[in-house]
2 protein chains.
Amino acid sequence: MATKKKTTIKDIANVLGITPSAVSKALSNHPRISDKTKTAVLQIAQNLNYQPNHLASALRKGKSNLVGVIIPKANSHFFSSIIEKIEEVLNEKGYNVIIAQSNESYNKECKSIDALLYTQVDGIIASMANETVKLDYYEKIKSKGIPLILFDRGENDLNVDYVGIDDYLSSHLVIEHLVEQGCKRIAHIAGFSHTRIYKNRIRGYRDALEKFGLPIEDSLIIESNLGIEDGRRIMQQLLEQKNKPDAVYAAGDYAALGALQVLQENHINVPEDIALVGFTNEPFTSLVTPSITSVEQHSEQIGKVAAETLLKRLDSPNEKVSLNKLILPAELIIRSSSKKLINNIL
Amino acid sequence: MATKKKTTIKDIANVLGITPSAVSKALSNHPRISDKTKTAVLQIAQNLNYQPNHLASALRKGKSNLVGVIIPKANSHFFSSIIEKIEEVLNEKGYNVIIAQSNESYNKECKSIDALLYTQVDGIIASMANETVKLDYYEKIKSKGIPLILFDRGENDLNVDYVGIDDYLSSHLVIEHLVEQGCKRIAHIAGFSHTRIYKNRIRGYRDALEKFGLPIEDSLIIESNLGIEDGRRIMQQLLEQKNKPDAVYAAGDYAALGALQVLQENHINVPEDIALVGFTNEPFTSLVTPSITSVEQHSEQIGKVAAETLLKRLDSPNEKVSLNKLILPAELIIRSSSKKLINNIL
DNA sequence: TATTTTTGTTCAAACGTTGAAACAAATATA
DNA sequence: TATATTTGTTTCAACGTTTGAACAAAAATA
């Protein structure tokens with residue numbers, strides 16, 4: 001009972017009086033091995049409760065069949081469903097997934113990368129921490145020749161495959177919808193513009209306003225980290241302006257929620273007085289009252305494409321496939337917080 | 001640029017004109033190696049950008065320094081913060097963490113266990129899927145002599161270490177609080193009683209009612225999977241009863257949220273007409289209006305203790321330490337949904 | 001100075017699996 | 001019947017690291 005010796009390929013070989021090599025080949029269904037031997041090996045393997053030693057085969061084959069996934073925070077529907085999908089696609093192909101959380105910290109992200117490299121992962125799929133500006137550790141991955149796929153939060157300069165949504169177009173969808181509702185003064189609670197995705201949302205917001213002939217006022221665009229507190233603070237700020245907005249487009253759902261709280265505390269009707277739109281379609285947006293209109297990023301789709309792109313790279317490591325920048329369409333989910341009655345009557 | 005050969009211990013040895021074995025010993029700070037050699041090795045290792053091959057050392061040492069963590073769903077604050085803490089504690093000791101999601105499915109759980117065993121993890125920390133009744137795969141882990149720690153959702157019969165909160169006592173805290181608010185007819189939206197933790201919450205609820213001399217009515221205890229839809233359905237059911245409850249204690253926050261929605265739709269004042277308490281203290285409980293009273297399970301604490309318990313098992317694998325059933329205290333976080341004004345006036 | 005101990009290193013085998021090459025036996029082709 | 005091909009297996013080295021044993025040289029003890 002004390003020290004259970006694990007059964008190895010050698011044990012099976014001994015039982016059958018054949019060579020370990022023959023057993024190995026039988027297990028991997030090598031064409032040159034007779035069916036008789038194969039079934040015998042399988043039988044004994046089962047009897048002895050044989051489990052292949054991944055470490056040994058990985059070492060020998062120079063391939064671990066492990067893929068690392070780095071995310072800022074598992075604690076969000078967006079990321080957890082992406083992971084779920086990545087796992088699904090990769091497991092299918094015999095890969096196992098190691099998940100590492102950066103907790104939005106550059107330091108933790110570097111540590112995670114080192115840990116994954118140490119574990120000899122065959123590839124890495126990552127979404128960068130908000131904090132990350134230096135790309136040295138990502139360069140390190142590249143320099144080791146390990147395939148790297150970025151999603152959602154990715155830097156252009158890195159020159160690696162990227163999967164994300166069309167943030168620019170998403171802003172257009174939002175503004176178009178708000179304009180249809182009759183809104184004329186649309187504020188934007190923005191993310192920090194040093195991050196590409198937030199920069200694109202801002203750009204989309206500005207261009208869409210211009211397209212619809214609405215004025216662009218800098219006082220209506222305020223950057224933040226998009227947390228709930230930021231949403232509250234900025235909404236208060238907006239309400240203090242002499243010329244209040246009649247709609248607020250937040251680049252994140254938590255910021256939108258904070259804004260909603262402030263609006264309700266001030267007895268401002270949503271959407272009648274001020275319409276509200278968020279971004280990411282976190283589950284709570286449909287749970288609060290009024291439910292919040294938001295942008296669905298089709299996370300499963302992002303996860304699927306990211307995983308498939310990685311598989312492609314793993315299958316043909318030397319092939320000089322041109323870089324993939326995969327930009328998926330997002331979808332506006334219209335809910336109570338922006339659906340004015342006027343619209344229902346029409 | 002094409003195929004970067006990784007530097008091995010052998011390369012370092014060649015440069016210095018010594019043996020790979022000496023290099024290995026130098027790197028692991030073996031006492032018999034001279035300081036001169038050690039610094040030289042470290043220097044060259046750095047120059048050549050040497051990264052130890054985890055696979056090889058794991059194979060040789062029979063230890064992977066990998067720990068598997070199985071959770072039902074990363075998409076919840078409770079589990080994601082537990083993981084964060086587990087990672088923190090284990091990384092400290094040189095372990096890396098592989099996370100697997102069961103998505104509450106028994107099948108996926110089995111697959112995850114196989115994947116982890118295949119990867120040769122040194123230990124496993126797990127919280128079981130709701131669906132899981134058969135324990136064969138967990139027995140498999142035990143039979144391989146791999147340390148197993150369960151947390152939150154664990155079965156008693158398995159005879160392994162367990163970390164969780166005192167569900168029985170938690171129900172007492174809830175009922176005590178509601179009684180203090182003057183509630184006399186307290187309903188319980190329960191989890192399925194085949195799961196130990198929900199059974200204990202039900203038991204605690206009954207015993208507490210008895211303790212305070214309140215009647216126990218079976219029509220007020222309804223089991224469910226605690227999703228938001230279940231919360232809605234059951235709340236509706238409760239409202240249809242001739243003798244309505246004046247408080248509802250849900251064994252999960254999502255069920256509580258569903259209940260809250262129905263109460264608001266029926267213009268029933270919370271907490272004045274019916275007080276409401278949830279369980280798990282998901283972040284949204286403080287975000288909705290009114291904010292929902294809930295039970296905080298101190299997830300970081302659970303994660304910390306689970307990780308530390310595993311470390312103990314890993315350090316002394318043969319030691320026949322008695323089983324640890326660690327039951328941590330929970331805390332009632334009182335919010336608007338149950339704080340009647342009467343209390344504030346006093 | 002002779003002997004023991006310590007110090008620093010090398011040797012060789014091992015961890016479990018794999019795959020190219022070698023080989024013998026069986027079968028097919030000439 | 002002689003030769004070529006196919007089939008099923010074994011041999012052997014390798015993947016990169018670790019470790020106990022062996023060994024020589026240096027230092028300490030007698």
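By convention in this document, chain letters (A, B, ...) are assigned in the order of the sequence lines, proteins followed by strands, and residues within each chain are numbered from 1.
Nucleic acid contact class of B:L55 (heavy atoms, under 4.0 Å, all strands): none. Across all strands shown, B:L59 has heavy atoms under 4.0 Å from base atoms, whether or not it also approaches the sugar-phosphate.
Closest to the side chain of A:I33, out of D:dT17, D:dT9, D:dT19, is D:dT9. Distances were taken from every side-chain heavy atom of A:R32 (C-beta onward) to each of D:dT9, D:dT19, D:dA22; the shortest belongs to D:dT9. For A:S21, the listed nucleotide lying nearest its side chain is D:dC12; candidates were D:dG16, C:dT17, D:dC12. Among the nucleotides D:dT11, C:dT10, C:dT17, the one closest to the side chain of A:S57 is C:dT17. Checking D:dT17, C:dG16, D:dT19 against the side-chain heavy atoms of A:T8 singles out C:dG16 as nearest. With C:dT10, C:dG16, D:dT10 as the choices, the nucleotide that has an atom nearest any side-chain atom of A:N53 turns out to be C:dG16.
For the pair B:T37 and A:T7, nearest-nucleotide mapping onto DNA chain C gives the more 5' position to B:T37. Between A:D35 and A:P20, it is A:D35 whose nearest contact on DNA chain D lies nearer the 5' terminus.
Look at CD1 on B:I18: it is 13 Å from P on D:dT17, rounded to the nearest Å. The CG atom of B:N14 sits 13 Å away from the P atom of D:dG16 (whole-angstrom rounding). Summarising the geometry, the separation between NE2 on B:H30 and C1' on C:dT9 is reported as 10 Å, rounded to the nearest angstrom. Nucleotide D:dA13 holds its C1' atom 11 Å from the NZ atom of B:K10, rounded to whole Å. In this structure, B:L16 places its CG atom 15 Å from C1' of C:dG8, rounding to the nearest Å. With rounding to whole Å, B:K61 atom NZ is found 12 Å from D:dG20 atom P. Separating the CD1 atom of A:I9 from the P atom of C:dC15 is a distance of 14 Å, rounded to the nearest angstrom. Distance NE2 (B:H54) to C1' (D:dC15): 15 Å, rounded to an integer number of Å.
Sparse packing is recorded around NZ of A:K111, with 12 or fewer heavy atoms of other residues, nucleotides or ligands lying under 6.0 Å away.
Judged by the 6.0 Å and 45° rule, B:R153 forms no cation-pi pair with B:Y162.
With no hydrogens or angles considered, a side-chain donor-acceptor pair links A:S34 and A:T37 at under 3.5 Å. Using a 3.5 Å distance cut-off with no hydrogens or angles, the side chains of B:K38 and B:N29 do pair a donor with an acceptor. Remark: the A:E109 side chain and the A:Y138 side chain contain an N/O donor-acceptor pair separated by less than 3.5 Å.
B:H54 and A:Y118 have tilted rings, their planes meeting at an angle from 30° to 60° on a 0 to 90° scale.
Residue-to-nucleotide contacts include a donor-acceptor pair under 3.5 Å from the side chain of B:K25 to the base of D:dG20.
Within the structure, every side-chain polar atom (N or O) of A:S34 is placed at least 4.0 Å from both OP1 and OP2 of D:dT7. Not one side-chain nitrogen or oxygen of A:S24 sits closer than 4.0 Å to the OP1 or OP2 atom of C:dG19. For B:T19, a side-chain nitrogen or oxygen approaches OP1 or OP2 of C:dT10 to under 4.0 Å.
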